[in-house]
Amino acid sequence: MIYRHHIAPPRAFTQLSHELIRHPRLSSDAVRLLTWQLSLPEGARESLSRTAERARIGATAFTRAKRQLKDEGFVHERRVQGPGGQWVTQQLVSSVPLSPAEAAKLLARIPVGVGTTTERVSSQVVPSPRIPAVGDPTTPLTDGYPDNDPEGNTSRQPPEPPGRPAPPKPGTARTPEPETPRTPRTPEILEAARALTAAYPLLSPELRHIPRAMHAELTDLTARWLEAGHPPTAVRMHVLRGLPDDGTPVHRPGGLLRHLLRDVPPPPDAPAPAPGHAPLAAVAGPRLSRRLTGTRECEGHHTQPRLFRPIGEESLCPACTARRTPPEPRRTTSGRRASDQNGDRRGVR
């Protein structure tokens, strides 16, 4: 059982409704912030942030309480420009919820700057409907030059370079230039470009996090390389050569690939050597990184391209070499097979 003892204050009190104090969607910080503001004397210009500081309400709690008060219609804000051109923020705190239209009518009576709430707002804060100028409004010109009068003072424009079309006269519409018809790509090129784009993250750890939204653009750039006659091996080598070799982290791998694949060089006239017969360091082009110098691509069957460092002129990685070479029978020092030796031992027994 609970008992209540209440004495009405004789002075310095504020009348508040039960709906405000017991509001179900307002937190205790929001109610404290609102009641503190409503208890201030008339003409006080204390902001909500200053009130939260005096009430020892933290920054996060103040942001949440202010958002709740604005959602429920107890607090309204607007940005206006004062007579001196300075922008200020006006805050309206009400003891009852107000709609945006009702708050705008009350804020229109509050002046900007120093003054009391009884002053009327100036015409600069609440502008009246403007009377249009004489004549119909016209859109300013965005291109071309004005017509020069040969009898008056004309502007000295630099001569137009040969072969460049003259700018259109004002008021005339530009005819769009006909686009060059583009030959459709074959399904084989598109499929190879998609497979090569999907394999870019496996070439280097710096290319792991390529945004999915850039896959279509990178596929189009890769298809241009394949259409020009570059094999997939040359495209992969070009990408590997463009990676930084001084330990610089790659923050935007998709942008780096777009930069590397944007310009398509002409394919080499002479046939390139078969992959695996020449190390990557011997291929003409930019300097490779230190960790790729002396490596070559394995000619064996792999899901993705595999680089290895050869000892001599081999073209297969150690794993492929081990799979293709049959195991030799183990022999003893006397030249007999281990199986025969085991048979002899069984016979002795």
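If you're wondering where the values come from, they're calculated on a predicted model, not measured in any experiment.
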Asker: Do Arg224 and Glu227 pass the salt bridge (Lys or Arg N to Asp or Glu O under 4.0 Å) test, and can you show the C-alpha distance, the side-chain angles, and the key distance before you say yes or no?
Answerer: CA-CA 5 Å; Arg224 291 172 50 192; Glu227 286 178 339; over 6 Å; no
Asker: For the pair Val88 and Arg79, evaluate side chain to side chain contact (heavy atoms under 4.5 Å, CB included) and give the outcome as yes or no after the intermediate values.
Answerer: CA-CA 6 Å; Val88 295; Arg79 293 276 295 174; 5.7 Å; no
Asker: Shortest non-hydrogen contact from His230 to Pro266?
Answerer: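 Result for this residue pair: CE1-O, 3.7 Å.
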Asker: Just verifying a value: how many Å separate Ser315 OG and Glu297 CD, rounded to the nearest 0.5 Å?
Answerer: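 Rounded to the nearest 0.5 Å, the OG-CD separation comes to 11.5 Å.
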Asker: Any chance you could measure Leu261, atom CG, to Thr222, atom OG1, to the nearest 0.5 Å?
Answerer: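 If I round to the nearest 0.5 Å, the distance is 5.0 Å.
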Asker: Is Ile21 linked to Leu33 within one hydrophobic cluster, defined over Ile, Leu, Val, Met, Phe, Trp and Tyr using a side-chain heavy-atom separation of less than 4.5 Å?
Answerer: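 Per the 4.5 Å side-chain linkage, Ile21 and Leu33 are co-clustered.
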Asker: Is Val264 reachable from Leu221 through a run of hydrophobic residues whose side-chain heavy atoms are each under 4.5 Å from the next?
Answerer: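 Yes, Leu221 and Val264 fall within the same hydrophobic cluster.
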Asker: For Tyr200 versus Val239, what's the shortest heavy-atom pair and its separation?
Answerer: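 It is CE2-CG2, 4.2 Å.
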Asker: Parallel, tilted or perpendicular: which describes the rings of His23 and Phe74, with under 30° parallel and over 60° perpendicular?
Answerer: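 Correct class here is perpendicular.
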Asker: Measure the NE2-CG distance between His251 and Leu256 for me, rounded to the nearest 0.5 Å.
Answerer: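 Answer rounded to 0.5 Å: 12.0 Å.
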Asker: Once you round to the nearest 0.5 Å, how far does OG1 of Thr233 lie from CG of Leu196?
Answerer: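 It is 9.0 Å, given to the nearest 0.5 Å.
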Asker: Between Arg296 and Pro310, which heavy-atom pair has the shortest distance, and what is it?
Answerer: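 Scanning both residues, the minimum pair turns out to be NE-CG, 3.4 Å.
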Asker: Do you know the tightest heavy-atom contact between Phe308 and Glu314?
Answerer: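 The answer is CZ-O, 3.8 Å.
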Asker: Between the side chains of Glu206 and Ser204, is a donor N or O closer than 3.5 angstrom to an acceptor N or O?
Answerer: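 Distance-only check passes for Glu206 and Ser204.
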Asker: Measuring from atom CG of Leu243 to atom CG of Leu203, what distance do you get when rounded to the nearest 0.5 angstrom?
Answerer: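 Result: 8.0 Å between the selected atoms.
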Asker: Can you check side chain to side chain contact (heavy atoms under 4.5 Å, CB included) on Val93 and Leu40, steps first, answer last?
Answerer: CA-CA 11 Å; Val93 181; Leu40 295 177; over 6 Å; no
Asker: Applying the 4.5 Å side-chain criterion to the ILVMFWY set and letting contacts propagate, would Leu38 and Val96 be lumped into a single cluster?
Answerer: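 No, no single cluster joins them.
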Asker: Where the side chain of Thr219 meets the backbone of His215, is there a donor-acceptor pair that is under 3.5 Å apart?
Answerer: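 Yes: the side chain of Thr219 pairs with the backbone of His215.
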Asker: State which residues pass side-chain contact (heavy atoms from CB on, under 4.5 Å) with Ser39; sequence neighbours excluded, sorted by chain then number.
Answerer: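 In terms of side-chain contact (heavy atoms from CB on, under 4.5 Å), with neighbours along the sequence ignored, Ser39 is linked to Thr14.
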Asker: Looking at CD of Gln37 and CZ of Arg32, how far apart are the two atoms once the value is rounded to the nearest 0.5 Å?
Answerer: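 It comes to 12.5 Å.
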Asker: Taking atom NE2 as the centre, does His259 end up with more than 12 heavy-atom neighbours from other residues, nucleotides or ligands that are less than 6.0 angstrom away?
Answerer: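 No.
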Asker: Tell me whether Arg78 contacts the main-chain N or O of Leu107 through its side chain, where contact means a donor paired with an acceptor under 3.5 Å.
Answerer: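 Looks like yes, one N/O pair under 3.5 Å.
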Asker: Do Cys298 and Leu307 touch side chain to side chain, with heavy atoms closer than 4.5 Å?
Answerer: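 When only atoms from C-beta onward are counted, Leu307 and Cys298 do not touch, as no gap falls below 4.5 Å.
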Asker: Considering only heavy atoms from C-beta outward, does the side chain of Cys317 approach that of His302 to under 4.5 Å?
Answerer: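 Yes; the side chains approach each other to less than 4.5 Å.
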Asker: Taking the side chain as every heavy atom from C-beta outward, state whether Val250 and Pro253 have any pair of such atoms under 4.5 Å apart.
Answerer: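 Sidechains of Pro253 and Val250: in contact.
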Asker: Return the minimal non-hydrogen interatomic distance between Pro201 and Thr197, and the atom names on each side.
Answerer: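 Heavy atoms of Pro201 and Thr197 come nearest at CD-O, 3.8 Å.
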Asker: List the atom pairs, donor and acceptor, that lie under 3.5 Å between side-chain atoms in residues 54-66 and the rest of the protein, sequence neighbours left out.
Answerer:
unit_1 : atom_1 : unit_2 : atom_2 : d
Arg54  : NH1    : Glu46  : OE1    : 2.6
Thr63  : OG1    : Ala59  : O      : 2.9
Lys66  : NZ     : Glu77  : OE2    : 2.7

Asker: Please report the shortest heavy-atom distance between Ile210 and Leu207, naming the atom on each side.
Answerer: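 Taking every non-hydrogen atom into account, CG1-O, 3.3 Å.
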Asker: Just wondering, do His76 and Lys70 contact through their side chains at under 4.5 Å, heavy atoms?
Answerer: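 No - every pair of side-chain heavy atoms lies 4.5 Å or more apart.
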Asker: Is there a salt bridge (Lys or Arg N to Asp or Glu O under 4.0 Å) between Glu217 and Arg258? Walk through the geometry before answering.
Answerer: CA-CA 8 Å; Glu217 182 181 1; Arg258 178 171 53 192; 3.5 Å; yes
Asker: Does the pair Leu69 and Leu26 meet the rule for a side chain to side chain contact (heavy atoms under 4.5 Å, CB included), with working shown?
Answerer: CA-CA 7 Å; Leu69 294 174; Leu26 294 180; 3.9 Å; yes
Asker: Would you sort out whether Cys320 and Arg306 count as a side chain to side chain contact (heavy atoms under 4.5 Å, CB included), showing the intermediate values?
Answerer: CA-CA 11 Å; Cys320 295; Arg306 173 175 295 183; 5.9 Å; no
Asker: Answer whether the closest heavy-atom distance between the side chains of Leu106 and Glu102 falls below 4.5 Å.
Answerer: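 Answer no - side chains too far apart.
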Asker: Would you say the side-chain atoms of Ser27 and Gln68 include a donor-acceptor pair closer than 3.5 Å?
Answerer: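 Indeed, the side chains of Ser27 and Gln68 share at least one donor-acceptor pair under 3.5 Å.
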